[in-house]
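Side-chain atoms are counted along with the backbone in the values below, which use heavy atoms only and exclude waters and symmetry mates.
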Amino acid sequence: MKIHRLTVDGKDYFLPDPIDELREQILAAVKGGGGYVNIPPLRGGPGIDILFSPGMPVTWTQLDIGESGEPGASGSGSGQDSDDESFEDPYSSL
């Protein structure tokens, strides 16, 4: 399952896929000088209205989430598994 993390001014919001329409709404609000955009909840509920304005720090991150024991649960297919497994902490000997 793909989940998106939207970080707005240091606060994280988790969103289900797809997010294309939401991105367009946020971009339109910023281009228009600022405006409220409703951020839908990951699971049922009304969501939350956030005021987006030019210069506000916004970051998008896509996460692959799976059930433990499920084939491909660790995000296979994303190309990130091999990088994580081969990583060695350069500070582990300190």
Leu63 versus Arg5, closest heavy-atom pair with distance: CD1-CB, 4.4 Å
Enumerate donor-acceptor pairs with a distance under 3.5 Å from any side-chain N or O in residues 30-41 to protein atoms, sequence neighbours excluded.
from: Asn38; atom 1: ND2; to: Pro46; atom 2: O; distance (Å): 3.4
from: Asn38; atom 1: ND2; to: Asp49; atom 2: OD1; distance (Å): 2.9

Side chain to side chain donor-acceptor pair (under 3.5 Å) pairs, two or more places apart, involving residues 6-15: Thr7-Asp12
Under 3.5 Å, sequence neighbours excluded: what are the donor-acceptor pairs made by side chains of residues 20-27?
from: Glu21; atom 1: OE2; to: Gln25; atom 2: NE2; distance (Å): 3.3

Nearest-0.5 Å distance that lies between atom NE2 in His4 and atom OG1 in Thr61: 10.5 Å
Hydrophobic cluster identity match, Leu15 and Ile48, side-chain contacts under 4.5 Å: yes
Separation of Ile19 CD1 from Gln62 CD (nearest 0.5 Å): 7.5 Å
